[in-house]
Q: 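Okay, handing you the structure first.
When a ligand or atom number is given, it counts from 1 through the structure's own listing order. The first residue of the sequence shown is numbered 1, and numbering continues consecutively from there. Because the structure is predicted, anything quoted here is derived from the model rather than measured.
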Amino acid sequence: MENAKPGAATDYPRTFEEMDAWFRTEAGCRDYIRRLRWPDGFVCGCCGVIGEPWVMARGVFRCKACHGNTSLTAGTVFQDPRTPLRMWFLAMWFTTSQKNGVSALGLQRVLGVGRYKTAWTWMHKLRRAMVRPGRDRLTGEIEVDETYVGGPEEGTRGREIEKQSIVVVAAEKNGRGIGRIRRRRVKDVTAESLRDFIRETVDPGATIHTDGWNGYPGLPAAGDKHRGTVISDGDEHAHEVMPRVHHVASLLKRWLLGTLQGGVQQQHRGSYLDEFTFRFNRRRSNARGLLFHRLAQQAVAVGPVPYGSIVRGGSVQGA
Ligand SMILES: [Zn+2]
């Protein structure tokens, strides 16, 4: 193991072999979760005292000050006692080490999981961890536009794809390229829906480019510098005026159709789009282990994900 600060951004396995060695035992997995959860030393969940605890069985720590017990995984994605921690780490590795991710079926095969539903549930729990709480807002010049996802013309193979979703995408300008993105599914394209999205994802000082659609004129009220570009010549023109956001929209649709074989139920679309956003915003990261680290870190921070809430669908980004 390296001399990296515990839980720091450099504290991750570099290769499959390293990962395999770090997380071969439950104790090894617990060690890593502990470093992520308490990088500055164990904090008692009962009394808040910082100090070396007694290590009990099954990942329970007992505070030497108040004798209260704190579970290592309680309140994290890894809470489920039936799943060996090693399986979580393998799943996180496979999902972050491949450029386009892995489907539940792919994960089931590579991990030798008995039931498809198990792998499916794991993937959904990990997707919840792909959205970082309190993320920074986009800055500089931002292109914002809505796109329609799903629906009959795209989902001809998936019986369960019925309704279209409206997804608003914000893409940061980075020279001639694209910086970070944010997206959200909205119920409608009213000024209110769009303003809420922009307020939460875009810095007030940013300049926003839109296609001048009716829903956007209320934007300056939110404190943004807003440049509506009225487009009347159809889509061709829109691509030229806002190439970034349109590129993102097409990648996003391809992601839903390709990686996931188009079989995305409408209520889960938002959660798949969370994964798309997670990957897109880290697409230039050469160190795949860094993605693994980020995912593990957020899985510790995000809280447990009850199965019922997965079945109902939805995403952290309110999509
Ligand atoms: Zn205590």
Side-chain angles (χ1 to χ4, degrees), residues 1-14 18-93 95-96 118 121-136 271 274 278 289-310 312 314-318:
M1 210 160 289
E2 314 215 344
N3 291 327
K5 178 178 166 2
T10 45
D11 182 13
Y12 58 83
R14 261 56 175 183
E18 242 177 35
M19 186 277 299
D20 190 41
W22 283 29
F23 305 114
R24 187 156 299 162
T25 63
E26 289 292 285
C29 299
R30 284 191 193 124
D31 238 32
Y32 191 67
I33 295 174
R34 183 177 168 177
R35 297 206 299 276
L36 291 177
R37 193 165 175 189
W38 298 293
D40 301 313
F42 171 78
V43 182
C44 172
C46 306
C47 72
V49 159
I50 301 173
E52 189 59 26
W54 287 301
V55 179
M56 317 301 280
R58 296 172 180 278
V60 171
F61 298 115
R62 182 164 293 167
C63 172
K64 286 179 181 170
C66 76
H67 290 202
N69 289 340
T70 303
S71 156
L72 175 69
T73 55
T76 75
V77 164
F78 314 123
Q79 188 169 296
D80 177 10
R82 290 162 304 180
T83 305
L85 292 173
R86 174 172 169 78
M87 293 305 260
W88 279 119
F89 284 98
L90 287 169
M92 287 191 292
W93 183 265
T95 191
T96 53
T118 306
T121 308
W122 290 353
M123 283 305 298
H124 271 282
K125 289 187 176 187
L126 290 178
R127 280 189 197 103
R128 293 295 174 96
M130 290 183 183
V131 182
R132 185 157 64 91
R135 296 171 308 163
D136 302 333
S271 139
D274 284 344
F278 176 82
L290 196 56
L291 250 73
F292 170 86
H293 176 267
R294 176 63 79 188
L295 181 57
Q297 200 176 38
Q298 292 176 193
V300 165
V302 79
V305 186
Y307 179 72
S309 83
I310 295 175
R312 281 193 303 277
S315 92
V316 181
Q317 303 192 358

Q: Indicate yes or no for a side-chain donor-acceptor contact from R14 to the backbone of Y12 under 3.5 Å, with no hydrogens or angles considered.
A: yes
Q: From F61 CZ over to C44 SG, what is the distance, rounded to the nearest 0.5 angstrom?
A: 12.0 Å
Q: What protein atoms of element N, O or S are positioned under 2.8 Å from the Zn ion (ligand 1)?
A: C44 SG, C47 SG, C63 SG, C66 SG
Q: Using the six-membered ring of W22, assess whether NZ or CZ of R86 lies under 6.0 Å from its centre and within 45 degrees of the ring axis.
A: no
Q: Classify the angle between the aromatic ring planes of F23 and F89 as parallel (below 30°), tilted (30 to 60°) or perpendicular (above 60°).
A: parallel
Q: Do the side chains of R24 and E18 get close enough for a salt bridge, i.e. N-O under 4.0 angstrom?
A: no
Q: Please check if any side-chain donor atom of D80 sits under 3.5 Å from a side-chain acceptor atom of T83, or the reverse.
A: yes
